[in-house]
Every structure is written in C-alpha cells, then in structure tokens.
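Notes follow once the structure below has been shown.
Chain letters run A, B, ... following the sequence lines, proteins first and then strands; every chain starts at 1. Atoms considered below: every heavy atom in the structure, side chains included; atoms not considered: hydrogens, waters and symmetry mates.
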Amino acid sequence: MLKIIDLHATVEGEKILKGINLEINKGEVHAIMGPNGSGKSTLAKIVAGHPAYEVTGGQILFEGEDILEMDPDERARMGIFLAFQYPVEVPGVSNSMLIRQAVNAVRSERGIDELDPLEFEDFIEEKLKLVEMDDKFLDRSVNEGFSGGEKKRNEILQLASMEPRLALMDETDSGLDIDALRIVSDAVNKIRNSENAFMLVTHYQRILNYITPDKVHVLINGRIVKSGGKELALQLEEKGYDWLMKDQLVNGEA
Amino acid sequence: MLLELVDNALVNTAANKSLMSARQNAYNQVQSIPFPTSKDEDWRQISLKPLTSNNFVAAKSGDVTSIDIKNYILKEADASHIVIVNGFYRDDLSNVSGLPEGCFVGKLGDAPAHVVEAFEKHYSNVATYKSDAFVPFNTAMVRETVIVYIPKELKVEAPLQILYATDANENIFSNARTFIFAERHSDMTIVEDFVGKEESIYFMNAVTETVLSDESHVTHIKVQRESTKATHISRTASLLARGSNYNAYTISLGAALFRNEPMALVDSENAHATLDGLVIVNGNQVSDTHSIMDHLKENCTSHQLHKVIASGKGKSVFNGKIFVRKDSQLIDSFQENRNLLLSEKAEVFTKPQLEIFADDVKCSHGATIGQLSEDEMFYLQSRGLSKTTAQQLLTYGFALDVIENLPVASLREKLSHDVAELTTDSDVEVTYLES
Ligand SMILES: Nc1ncnc2c1ncn2[C@@H]1O[C@H](COP(=O)(O)OP(=O)(O)OP(=O)(O)O)[C@@H](O)[C@H]1O
Ligand SMILES: [Mg+2]
C-alpha cells in the first residue's frame, strides 16, 4: 500500500530525513518509535503532503502511484489520513462543518453519494459512539479550547469518519488518560481490517498492548536503524535507545 | 465639490422651523468648510478622486427600475422596514405594522409632538465632526430624515430595517439620514442597509445619530453592500446616557471607495459602547475607517474589534481614536484591529490612537496584519478539502467573530454567504504565513 524508497527531506535547509525505506502492506499495523526530534512527525507529515518540508530525494508510492507531486487534499481523498500530534485549532469553523465536508470529499472521490446534513447526523452519531464522544463537540470550533485528550479523540473521530486506507497516527496516545486510550484503541481495532493499514508513531509500549503491531521500526536521526516484531517495542521500553544510537554512530562512520 | 452640489432651493424645504434653521446653518458651513484633500492628516491615505471626477447630479425620483427591493428585506423585518430610494421616502414600499404601539418610525411631518421635541433637542447635535463638510452637506440637502423613536420601558422584538437603495440611470448623489432616539430602559435592534444597482456609479452620503437615554439598549447594525462602483461616505454618531448600552456593528462589503466614521460619546457613568467592524475589500476597493471612542465620564467600558479582509488590490485604512478624558476614571477599553491579507498587492494601514488623560484606566489595544496560517491550511487540506474550500472556511472563520454577534439570524446567514463568495474570486492569489 505504502512504499517509501530512500526518502531524504529537509526543512528550512536542515536535513531531517536521511534515507528512509519503509513498506506497509494492507492489513498491517506498523509502529514507529524513536527519540524526540528524530523525524517521526516529519515522516508522517511528508506522507500527508505538508508544504513546509522539501523532499530532496527518494520516492513515496501509494498504491503504486508516486504521490510526491500531489497536494495534501488529493492525498487525503485518495485515502491517506494523518492524525496530528498537535491538532490545529481552527477558530470559527465548526467541527461538524469540517467533518461533513471531509466525509463528502472522500465520498465523492469514491463515487459514493454525498451526505446531506440530515444523513450526516445519523452517520456521525455512529462515529461518535465509536469513540465515545459527546455530540456537543460537533458544534464547537475545530479543536478550539479542546483539552489535549479531547483533541486527540477528535482526530480519531475524523479518522473513523473519513475511513482512510492508510492512517498515520502521530502520538495519538500521548495526552490520553487510561480509559481514553482504551476507547481509542478499541475504535482503531474496530476500524482495522484487511484492506486498510496503520502507521502508528508512539513513545510508549502501552498503546501497542491494545493495538498489536505487525512491525516496529526505530527511527533515529532521520534513519530507520532497526526494525522488528512487536517484541522490539518491549525491548525499547526496557533498554531505551542508547544501544541503538551507538550502532547508528558506527554505521554513520563506516 | 460639495459646494457645487449644494442647492439652496432644496435647503428651504424643511418640515419644521428648527429643522429649517439647522439646514440654513449647515448650508453656511458647506460654504465655509473646505473640501478635504490628501494634505489633510485625516484624509492622507485615500484619494477622493472618485468624488470629484464624476459629475454627480441630484436624483429626480425614487422610482425603482432595476433592483428587487423585496429581495433585500430581512425575514425578521417583514413588518418592520422602511424603504428609501435615491433619497426619496417610499411609504408604499415600507411596512412598520409589526412595530409595537408607542414606537414611532417615520417622517418628521408624521411624528407626534413628543417625538418632534426629542428630535429638535438633539438633531445635528450628536454628529459633531470637526471641520467636516459632509455632515453639513447632508443636513442641508437631505430630503427626509428617518426618525426612530423607542418609548420608555419597551423592548422591541422585531429588528427594524431601514433600506437605503440607490437605483438610477445617471450618476446621482443622495443623502441618507437617520435619527434614533431611545427612551429610558428601551431596547431595540436597528439595521441600516445600503444597497444599489449593480455596477452603477453614485455617491451616497449617510449620517446617523443615535441618542440613548438612561439604561437603554440599542443594537445598531450598518450593512454597506453598495454597487462596487459607488462612493459611500458615512458618519454614525451616538450619545450615551447613564447605564446605556450601544452596540454598533459596521459591515462593509461594497462600494469602490468608502469611509466610515463611527463615533461614540460615552457621556455618562456605567455606559457601554461597542464599535465593531468588518471590512472586506477586493479588486480595487478602498476602505477607510476613522473612529472615535470618547470616554467623558467614570466607570464605562468600550469594545472595538475591527476586522479587515483585504484581497486583490484592495486597500484598507484604520484610524481608531480612543479618548479617556481627565475625570473619567475606571474606564475599561478594548480595541483591536486585525487584518487578513489575502494577496500581495493588497494594502493595509492601521493606526490606533490613544489619548488618555485619566490615570486609573485599563486600555488594551492591538493591531495585527497576517496571512492565512500554513498549518491551518494544511490541517484542512489533509481532511480532503480543496485549497479553495480551505481558504474559504478560514476566511469565514476570521470574519465570524464579528458576524456571530449580529442578533438577526437571516442577516448572519446572508453575510456568511457573502463573505465566502467575496473571498474566493479567481483573482485572489493567496500567500501564506509561514509557521
Ligand atoms: N517546520 C519546521 N521548522 C524547523 N525545524 C523543524 C520543522 N519541523 C521539524 N523540524 C525539526 O526537525 C526535527 C524532527 O522533528 P519531528 O517533529 O519530526 O520529530 P519527532 O521525531 O516527531 O519528535 P517528537 O518525538 O518530539 O514528536 C526536529 O529537530 C525539529 O526541530
Ligand atoms: Mg513528533
């Protein structure tokens, strides 16, 4: 589904990604872990098409198609969804207005009839139940004044509504309390199927207890320095990143 | 220019003696006060050429030939609206049957004695703009003043809409004049709505005076959606008595050149004035707002949020004067001018001007000029919304905190629609603020 080949990227002239290779197949969940500032969010944002990052080399293929030249909205309509580490507040734009437009944008791309406001009400009610969110959040401005956890849950509400093929979840677990983490994880497990895929950026093993990853990758200093199964996450929890950083230096110097 | 247009024959058509002398006075002032030039500090940033280069003529009739008046009437004002066309009062198009008893809206000639008395006392004494020829020109030449009188202890539920329409085949000038008097503890919402035949060239010179008695509440919405070739000069002055509450919202979308001069004279204790504004300029439109918030007594509050969306080669000037006089302690005054620049060719000038002579006051003021945020754009686009839709939503969001305060639902709806439309013209080349 997603194939990243030797991806290099800079922001404001600074090299952030230094040759990323990653392949995610449909039906899979991949976890990306790594220290602060290593480039995890950058990777997710570049896949989603953030204009501030410049890709200086490599390729990103989605369903076999090179997407690097595509605008973020085109990518979204093709089925790529980014749940933000820091969801953006959009004053004056109501949450329900945004989600309805988002849902209809992907529906029309998929050749499905758009939802009118009444149909949308029924549609969103289901999704609200899935993430156990109160409908009062629909009338509020997007993320404005939401608590940290509420923002994260709102991202998953949008994810559930847009039914992406590839969901990039950037630290969705940070800021969620224990119950919320369970609810969000349950929702993801319900959405998960053999046709979609997830890339899950996290610092903690905790969420991986609920959402079992097929692969775990460690991103350090713009490179994936180690990949493994779910046991790698446990190892990281125990040992930290130091042992991998040493490896990386050796590699870097070699 | 005004000098050439002022006509003594019309000055002499007053319905009452004190009005007659006000008109004569005003006539004399027009003769003696010079027409502003770009050398005047207060007129520096704009050119009045559209006024001087067109040969404006007086309107001959109030006939409606091309615009659909009904289309402009707000649903909520179905039985509470007055229509003036080209300065001519149109009884036949007006309907105030929905207003409660005791509330008078109409012409001076039809007004009961106590309304005439209030009128005589305050008319022309509120709109006291210094060295200004436009108000006197209006006073001398206006055909009919719309008088709004709200009796004491009455809350009028329906909003009153006063529609000033311009519809002519020549380049006409006309004067609009509204006089609002709110008795003690009264409460009313008034919408002054300026519209015109599309693409037509004309000059609208408008003056509104609002007098608020103790504890009265007036919400005053001015909507300017003139022809995009019109020139619109407007003064809205208010005088606030003890405990009164004046909330003015000036929404300006149309006209090639417009100048708004809202002025609140907060002349008694415990009063509150709001002078909020929303300006949208596109194409070659020029907007100029010179406002005065004058605190003359203690314990008052004021609020001024002036929002501007400038695209194309649009230009906006904001000069907001706030005075806090020597004896007016414990004033809490807020002023903010926020400008959203949607194109590189749009221009914005902002100048907050505070003159504070009292020591125990709280005045906050600020001005920002910015583009749409790249992060907000990316967020919306990552939800599948096209660039155009994302721009539209963000711009609408920017305008919303002015629009959402308007207590007339159909107007809110209409304006949000207009905002979306005005900001998505194909000539809008958007630049973003890097995060
Ligand atoms: N827009 C930007 N401008 C300047 N520097 C940036 C920008 N975006 C990212 N960076 C830098 O790129 C590096 C990688 O950042 P990124 O957000 O991808 O890290 P991360 O792995 O997600 O970290 P964390 O675990 O703290 O979320 C950091 O050093 C960061 O400061
Ligand atoms: Mg990050």
Exercise for the section: Decide ring pair (Phe, Tyr, Trp, His ring centres under 6.0 Å) for A:Phe198 and A:His30; before the verdict, give the C-alpha distance in whole Å, the side-chain angles of both, and the deciding distance to 0.1 Å. Expected result: CA-CA 6 Å; A:Phe198 290 79; A:His30 288 228; over 10 Å; no
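For B:Lys362 and B:Ser333, the side-chain atoms include no donor-acceptor pair closer than 3.5 Å.
The most heavy-atom pairs under 4.5 Å with chain B, out of A:Met78, A:Arg75, A:Met162, come from A:Met162. Counting heavy-atom pairs under 4.5 Å between each of A:Leu82, A:Ile80, A:Val90 and chain B puts A:Leu82 at the top. Highest contact tally toward chain B, considering only A:Pro87, A:Ser161, A:Ala48, A:Pro164, is held by A:Ala48 [criterion: heavy-atom pairs under 4.5 Å]. When A:Pro72, A:Ala105, A:Ala76 are compared by the number of non-hydrogen pairs under 4.5 Å with chain B, A:Pro72 comes out ahead.
For a residue to count as touching a neighbouring chain, one of its non-hydrogen atoms must lie under 4.5 Å from one of that chain's; by this rule A:Val103 does not touch chain B. Looking at A:Met97, only its side chain comes within 4.5 Å of chain B, counting heavy atoms on both sides. For A:Glu89, the part sitting under 4.5 Å from any heavy atom of chain B is the backbone (N, CA, C, O) and nothing else. Of the two parts of A:Gln158, only the side chain, counted from C-beta on, holds a non-hydrogen atom closer than 4.5 Å to a non-hydrogen atom of chain B.
Each of B:Asp418, B:Val191, B:Leu278, B:Asp193 was compared with B:Ile251 under the side-chain contact (heavy atoms from CB on, under 4.5 Å) criterion, and only B:Leu278 meets it.
Stacking of A:Lys45 on the aromatic ring of B:Phe378 is not recorded, the 6.0 Å distance cut-off and the 45° axial limit not both being met.
Residues satisfying the salt bridge (Lys or Arg N to Asp or Glu O under 4.0 Å) test with A:Lys26, not counting sequence neighbours, are A:Glu195.
Taking the six-membered ring wherever Trp is involved, the centroid distance between the rings of B:Phe318 and B:Phe349 does not fall below 6.0 Å.
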